[in-house]
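See below for the structure under consideration.
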Amino acid sequence: MKNPDIIIKGGKDGLTFYLDGNCDFEELARAIEHKLAAADSFLVGASVSVDVGWRQLTEEQHTIIRRLFPSYGLILRSIHTWEQPENQSEDEVIPQDHRERIYQIANQLYESKDKGEQSSVLSPRRASIIETPAVSTVPPAVTPAPLPAEAVEPDPAEDNAINTQGGDEQALVIQRTLRSGQTVRYPGHVIILGDVNPGAEVIAGGNIIVMGIFRGVAHAGAMGDDRAIVTALRLRPVQLRIANHITRPPDDDNALPDQPEVARIRDGVVTIEQYQFGPVKSIG
Amino acid sequence: MGEVIVITSGKGGVGKTTTTANLGTGLASLGYKVVLIDTDIGLRNLDVVMGLENRIVYDIVDVTSGKVTASKALIKDKRFPDGRLSLLPAAQTKDKTAVNPTQMVKLCEELKQEYDFVLIDCPAGIEQGFKNAVAGAEKAIVVTTPEVSAIRDADRIVGLLEASDLKNPRLIINRLRPTMVRQGDMMSIEDMVDILAIDVIGVVPEDDTIVISTNKGEPAILDPKSRAGQAYRNITQRITGHDVPLMNLDEPQGLVDKLRKIFGKG
C-alpha cells in the first residue's frame, strides 16, 4: 500500500499542507499526524492552511483536520478544497499560478519516486527556504521546479545561494505575540508586530525587528552574517545572539532604558544602543 | 445548552483543582446546574477537595469507554438540593492515555445538554492530559500565581489554547500577597498582565482558610468569612455576566497582622 503524499510548502502566509487527493482519509489523517509528530516542536506556532485537493470532506473529516493541527500546536488558518462552492469561481479559491505550482510539485514527486529516491516530503525548513520567493514568480513548467526532492538534508551551499538570490529583501512578518515555547526560524529577516515573551525564540538569517517588547531569545544572522541587527521598541532579551556572538544583559541592570534600542556587533562585541532615526547602519 | 470551561495552568500546584472546586460550588450556590470533570487521570484530587472521595463508584474512564452512562458515574453533592452539583471523578489506576480527545468532545457535548456549566479540571503539563482537557472546552480559565515560573507556563498555555481555537482565555491570579507586592518582593497584577496580555477575571489573595477547607473537603467559597472565598464568589459573578469590581486587596494586611498576633501569642 502506498503512503499518502503530503507536501508541506512554506509561503508568505505560513505553511501550506497539500494533501493527497486519492487515498483513504483515515490513512491521510494518520500520515499527517505522523508528519506533525516527526516535526516535533519545530512547527509549533506555525500558521497553516490545508489544501485537500479534489477531495470532498465530510463535516466529521473537517473537524478531524481542524483539531489535528492545533493539537500539535499549529494554527490552522484555512482549509481549501478545489471543489467550487456555489457562487464562487474556482479561480478565487486557488489562484491559477498556485494550481500550476501544485502540478509541478506533483510531477516532481512522480519523477523522484520513479528513480526510487527517498522522501518526497520536504522539511518545512527547506520548504521555507526554497519557497520564499513569491509563488507568483514561478516560471512556466519548462524550467525544472525548484524542489529538489532528492536532497533532504539542507546543505549550507544552498542556504548561501538563497541568501544572495533573495537579496536583503526576504522578510517574514508575524502579526501576533510570540509566547513561551513558540519559535520562529526563518532564513531572511523577521519582523514581529507584537511582543516576544520569555521562553520564545526568534532565529533569523537576517535582522530581527520587533515592534513591541522583546523578552525572549534572539539570534540574528544565524547563518553567520555578523552585520545582522536586532532591534525592538523595548529590548529586554534573556539572551541575544548575532552570528557567532552571544551576549546577555548584565544581572544588575536595573535602569533599563524606556526607548527603542538596536543591538549589533561593533568591534567584535555585541553592543546595544539607543535607536536613532535614519537608516540603521550595519557595522560588522 | 451549557458552557464548557476548562481550568488550566501548565504549572502544577498553582490552584487549578481548588479553583475548580470553588467555582463549581459557587455557581451551584447561585442556582446553576454544574458538573465538574476531573481529567487528572492517575492523580485524582478534585474528589478529595470536594469531600466526595468516599462516594466514588465509577470514573471518567468507565464513562468514555462506554462501560456505564455518564449519569450513573456522576456523584451528586449532597450539600445542594436536586443534584445541582455533580462530579465526574478521574480514574486513579489508569493514566492519561486511557481517554482521548474525541471521547472528551463527546462527553462534554453530552453533559452540556443537561448542565449550565461543565467545569473541567485540567492536569498540569501540556501533554495528553492537557489535550484531553481542552478538547471539548469552549472557554478557558488560566490560573497562575505571582511567580515567574508559573507565569512562564501560563504564557505557554495561552499560546497552546490559542492554537486549539480557545480564544480569549481569562486569567485568575491566585495566592497574591498584597503586602509583598507593595514591598516590591512579588510581581504585581500589572506585571503579570503585561506579559500574558489576557483579561483578568479575578484575583485570589493568599489565604490560610484554603488549607483548612481543602483538608476538610469543604470549598472555601461556602465560608462567608474566607477572603479567598469572597474572591471566588466574585469570580462566579463575573462568569455569569455580572460586573463586580475587584475586591479590596489591601485589607488582608489587617488579617495577616491579626494572624501574626495570634501566632505571636501562641
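Naming convention: chains lettered A, B, ... in sequence-line order (proteins, then strands); numbering from 1 in each chain.
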Is a side-chain N or O of Lys112(B) found less than 3.5 angstrom from the main chain of Leu107(B), in a donor-acceptor match?
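No, the answer is negative, given that no donor and acceptor are paired below the 3.5 Å cut-off.
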Please check if the side chain of Arg44(B) supplies one atom and the backbone of Ala90(B) the other of a donor-acceptor pair under 3.5 Å.
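Yes, Arg44(B) side chain to Ala90(B) backbone: donor-acceptor pair under 3.5 Å.
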Taking every non-hydrogen pair under 4.5 Å, which of Arg176(A), Arg215(A), Gln182(A) racks up the most with chain B?
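If we count pairs closer than 4.5 Å to chain B, Arg215(A) comes out on top.
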Pick from Gly199(A), Ala200(A), Pro198(A) with the largest number of heavy-atom pairs that fall under 4.5 Å of chain B
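The option with the most such pairs is Pro198(A).
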Between Pro205(B) and Leu176(B), is there a side-chain heavy-atom distance shorter than 4.5 Å?
no
Using side-chain heavy atoms (C-beta onward) and a distance below 4.5 Å, is Tyr58(B) in contact with Pro89(B)?
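The answer is no; the side chains never approach within 4.5 Å.
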Against chain A, residues from residues 129-145 of chain B with at least one heavy atom under 4.5 Å, in numeric order, are Lys131(B), Ala135(B)
All heavy atoms of Leu76(A) vs all of Arg66(A), minimum pair found to be CD2-CA, 3.6 Å
Identify which of Val158(B), Leu160(B), Ile126(B) forms the greatest number of heavy-atom pairs closer than 4.5 Å to chain A.
Val158(B)
Derivation of the salt bridge (charged side-chain N to carboxylate O under 4.0 Å, His left out) call for Lys33(B) and Glu114(B):
CA-CA 8 Å; Lys33(B) 279 196 84 179; Glu114(B) 206 184 321; 3.6 Å; yes
Could you tell me which portion of Asp194(B) (side chain, backbone, both or neither) has an atom closer than 4.5 angstrom to a non-hydrogen atom of chain A?
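Contact with chain A is through both the backbone and side chain of Asp194(B).
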Which is it for Val190(A) and Ile174(A) under the side-chain contact (heavy atoms from CB on, under 4.5 Å) test, yes or no, and what are the steps along the way?
CA-CA 8 Å; Val190(A) 175; Ile174(A) 295 171; 4.3 Å; yes
Hey, mind stepping through Asp155(B) and Arg179(A) against salt bridge (charged side-chain N to carboxylate O under 4.0 Å, His left out) and telling me if it holds?
CA-CA 6 Å; Asp155(B) 191 45; Arg179(A) 294 182 180 276; 2.7 Å; yes
